[in-house]
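First comes the structure, then the notes that go with it.
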Number of protein chains: 2
Amino acid sequence: MNITEDILITYGAVARKYEKGSYLFHEDSMPYYFYQILSGVVKLFSTSSEGRELTQGLFTDGQSFGEPPLLLGKCYPSTAQAVADSVVVKLRKEHFESILHDYPELYQRLLYTFASRIYHKATAAQIWVRQTPEQKIVHFLKTNKASHTANAMEQVPYTRQQIADFTGLRVETVIRTLMKMKAKRLVKIDDHKLYY
Amino acid sequence: MNITEDILITYGAVARKYEKGSYLFHEDSMPYYFYQILSGVVKLFSTSSEGRELTQGLFTDGQSFGEPPLLLGKCYPSTAQAVADSVVVKLRKEHFESILHDYPELYQRLLYTFASRIYHKATAAQIWVRQTPEQKIVHFLKTNKASHTANAMEQVPYTRQQIADFTGLRVETVIRTLMKMKAKRLVKIDDHKLYY
DNA sequence: CGGTTACTTGACTAGCTTCAAGCCTTGTGG
DNA sequence: CCACAAGGCTTGAAGCTAGTCAAGTAACCG
């Protein structure tokens, strides 16, 4: 979902810079703002009681995030952190709701965005829960490859640790599994760089 | 989300009876209908390549399900099965879209329904992926108890197998974990019946 | 060049799954 | 009312595999 910049500005939104590593909001805090990224990358993740991290999603230019808790008035289930220097537009909840009210076609847009997120989570759930590390990694690589050309091997822009955080596996497991997948020709590894 | 019955009828919806155990749609098939339950219970689940089942959700009187793939025009990621004799209203996609078009306030309703589903999935994901069996079971029991009174122990209307299908664990693991939880006084088990 | 971050490997462990068997409870039909 | 079948529950033993811990190596960046 994304709202044109001029509408956002008209309704009082302000753009703010976030340095790489800084936080936009924290798990368990209440939402007050609608967020939309102008440039950069924001990661949503939740932390378990043991301090382990699970990446819930990565968002980039033109995308908004964190709307469900905002609409529901419930506290955030995850933390938002800039993983690159980013510029993000912030708009107070009330004004966001005014925009929705004044531009009903945005309801539809947002609805499709949500539908798509639910769809992905449903597909992911099946993988999350039961499958082998290899299946988890394959699913991650498939759904997160930049271009959607099925054929060509392209470099994967994620570290082993990031793959681990997405899949819920440990780094060592990711590495060992990737080694096996390399043997099976499912992936290519050159100079520690991963291709899929 | 639920649409009043008279609107549904006006737009050509038909109610149909489904016997316990029968299927409303199958994984990987294309969606053509909007479904809303008049009475009964419908289970959405997906099946892994090894034939293991993961319950994605249970839906009952007044609730609709399967809208995201319908809106997106993508095939179903899960199968819908009546787990009790049920009466379900079916409405063709085009007519469902007409309703949304004619009653824009339904966009908002559906949006909040979706927001809520995303919220739950995000909370669940954290549990799915990393936690111990006990944490998974506690989370399941918490989110699926009928009344939301935090105090009183009430009987859990699910079999061990159903809990296993929801949490992604095996029956034996569920049983053994419940035994430990019983020792800790987290649950009560009387005559094999489970209370939480 | 040096420090930091990412990657890799091995040994060991814990705990979930698997397999196999048996018990309990419920409902049905004679 | 009893017998029996079917489905749900329980238990034990054994195996596997991802997690853990520890150490070391390789790339990247200023």
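So that the names make sense, note that chain A is the first sequence line, chain B the second, and so on, each numbered from 1. All values below come from the heavy atoms of this structure, side chains included, with hydrogens, waters and symmetry mates left out.
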Can you tell me the distance, in whole Å, between the CD atom of Q161(B) and the P atom of dC9(D)? 9 Å
Could you tell me how far apart Q162(B) (CD) and dG7(D) (P) are, to the nearest whole angstrom? 14 Å
Calculate the interatomic distance between D165(A) atom CG and dC7(C) atom P; express it in whole Å. 12 Å
Provide, to the nearest angstrom, the distance between the CG atom belonging to D190(B) and the P atom belonging to dC24(C). 16 Å
For the pair made of CE in M179(B) and P in dG12(D), what is the distance, rounded to whole Å? 10 Å
Y119(B): which residues meet the side-chain hydrogen bond (donor to acceptor under 3.5 Å, both in side chains) condition with it, sequence neighbours left out? none
When the ring centroid of F34(A) is compared with that of F96(A), is the distance short of 6.0 Å? yes
In Å and rounded to the nearest 0.5 Å, what is the OG1 to CG distance from T79(B) to D28(B)? 8.0 Å
Within the 6.0 Å centroid threshold, strictly below: F25(A) and Y35(A): yes
What is the distance from CD1 of I189(B) to C1' of dG8(D), rounded to the nearest Å? 13 Å
List for me each residue that meets salt bridge (Lys or Arg N to Asp or Glu O under 4.0 Å) alongside D6(A), sequence neighbours excluded, and say none if there are none. none
If I take atom CD1 in residue I137(B) and atom P in nucleotide dC16(C), what distance separates them, rounded to the nearest angstrom? 10 Å
Rounding to an integer number of Å, can you tell me how far I175(B) CD1 sits from dC16(C) P? 14 Å
Protein within reach of the bases, or only the backbone? For nucleotides 19-30 of chain D, mark each nucleotide 5' to 3' as B, S or -, using heavy atoms under 4.0 Å. SBB----SSS--
Compute the ring centroids of F140(B) and Y158(B), then answer whether they are less than 6.0 Å apart. yes
